[in-house]
Amino acid sequence: MTTHTRLLGVMGHPIAHSKSPQMHNAALTHQQLPYTYLAFDVCPERLPQAVAGMHALGARGWNVTIPHKVSIMPLLDEIAEEARVIGAVNTVVCEDGVLLGLNTDGAGYLQSLQEETGLDVRKQRILIIGAGGAARGVAYALANAGAEHIVIANRTRENAEQLRDTLSPLTEVKAVHLEDMRRWLSDRTLIVNTTSVGMAPETDVSPMPEEWLPEGVVVSDLIYNPAKTKLLREAEKRGCVIHNGLGMFVHQGA
């Protein structure tokens, strides 16, 4: 590091589990680029100050993770079209003093899912658990790729309905309360957890009871720490194909 080294990073809360600094700093070192990438634990009420601080310090850009992917949008100068449609941002780039919000989550997830499972998304009947920023990117990518039918289950039904309205021009979508999730599981072929339930350090929880899991389906969890969440461990016991969030993490980061 020298006086010419510039700042990159990731904002989230919590953030201690993140592997982004290791990945990006390895890439920066390999390419001999004059940047360093740090992790910033930013509680929601301090997000405006954090964005202003990064801007004032001349940061070239930063990533955004749970829970800031939606709430950061009004704090930026411009939003790229895909991020605007998705309704969430996972990357901010500062170009000539202008803060531009982008979203690489959906493309990263889709590439990882297809590479690791070989799924033809066009034939899938999907249950997505959660309706936050990560869910928006993933759901948009799946719908845009031609998913047959999507059910969005969320604790706050209104948020699921907002995401449903975004996706409706692309495919058939149903929004339900989390408590009503079970009745939609019988015909699902792909189940995707986009929430933080099961993420380190609270690794002994799952977004659904084991007995709810249909046998032989694909179960995907966006969490990559731990590599096998409780949901994935239980899905594996029921003969499901499992897919974690590491591939998405790598591809969206790249």
Side-chain angles (χ1 to χ4, degrees), residues 1 5-30 33 35-57 59-73 75-76 88-94 99 101-106 108-109 112 129-138 155 192-207 220-234 242-254:
M1 294 179 66
T5 303
R6 295 190 63 188
L7 178 63
L8 303 169
V10 57
M11 291 183 185
H13 182 71
I15 203 64
H17 66 281
S18 178
K19 304 298 183 186
S20 290
Q22 290 95 312
M23 178 174 69
H24 286 289
N25 283 316
L28 293 165
T29 299
H30 181 72
L33 295 171
Y35 296 92
T36 191
Y37 186 108
L38 302 175
F40 300 99
D41 193 328
V42 178
C43 56
E45 59 270 23
R46 301 299 296 272
L47 183 62
Q49 293 97 315
V51 170
M54 292 289 272
H55 201 180
L57 290 170
R60 183 70 173 90
W62 61 91
N63 292 124
V64 185
T65 189
I66 294 172
H68 304 315
K69 293 186 179 188
V70 177
S71 54
I72 198 171
M73 294 177 73
L75 305 174
L76 305 178
V89 160
N90 81 327
T91 303
V92 177
V93 176
C94 184
L99 297 181
L102 305 155
N103 194 307
T104 67
D105 277 338
Y109 176 78
S112 169
I129 306 170
R136 288 169 178 265
V138 167
R155 209 167 30 185
V192 186
N193 176 41
T194 70
T195 76
S196 60
V197 176
M199 185 172 71
E202 297 179 10
T203 58
D204 200 33
V205 290
S206 172
S220 176
D221 197 327
L222 268 54
I223 294 168
Y224 60 84
N225 184 13
K228 281 188 185 179
T229 58
K230 184 177 182 181
L231 173 66
L232 294 186
R233 296 195 304 270
E234 292 175 343
I242 63 171
H243 169 256
N244 72 10
L246 183 61
M248 173 184 174
F249 166 69
V250 171
H251 287 304
Q252 64 81 20

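We count residues from 1, following the sequence as given.
Within a 6.0 Å radius of CZ in R6, more than 12 heavy atoms belonging to other residues, nucleotides or ligands are found.
H243 meets the ring-ring contact (aromatic ring centres under 6.0 Å, His included) test with Y109; sequence neighbours excluded. Every residue meeting the ring-ring contact (aromatic ring centres under 6.0 Å, His included) condition with Y37, not counting sequence neighbours, appears here in chain and number order: H24. Residues that satisfy the salt bridge (Lys or Arg N to Asp or Glu O under 4.0 Å) test with R233, not counting sequence neighbours, are absent from this structure. Residues that satisfy the salt bridge (Lys or Arg N to Asp or Glu O under 4.0 Å) test with K19, not counting sequence neighbours, are absent from this structure.
Checked by atom type, the side-chain pair H17/N225 shows no donor-acceptor distance below 3.5 Å. In this model, a donor atom of one side chain and an acceptor atom of the other lie less than 3.5 Å apart for D221 and N193.
With salt bridges taken as basic N to acidic carboxylate O contacts below 4.0 Å, one links K69 and D105.
Here CG of N63 is found 4.5 Å from OG1 of T91. Values are rounded to the nearest 0.5 Å.
Applying the side-chain hydrogen bond (donor to acceptor under 3.5 Å, both in side chains) test to every pair with at least one member in residues 42-53, sequence neighbours left out, gives no pairs at all.
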Given V89 and L102, is the side-chain contact (heavy atoms from CB on, under 4.5 Å) satisfied, shown in steps? CA-CA 5 Å; V89 160; L102 305 155; 5.9 Å; no
Report all side-chain donor-acceptor pairs from residues 245-254 shorter than 3.5 Å, counting only partners two or more places apart or in another chain.
residue: H251; atom: NE2; partner: E115; partner atom: OE1; Å: 3.2
residue: Q252; atom: OE1; partner: N90; partner atom: ND2; Å: 3.2
residue: Q252; atom: NE2; partner: F249; partner atom: O; Å: 3.2

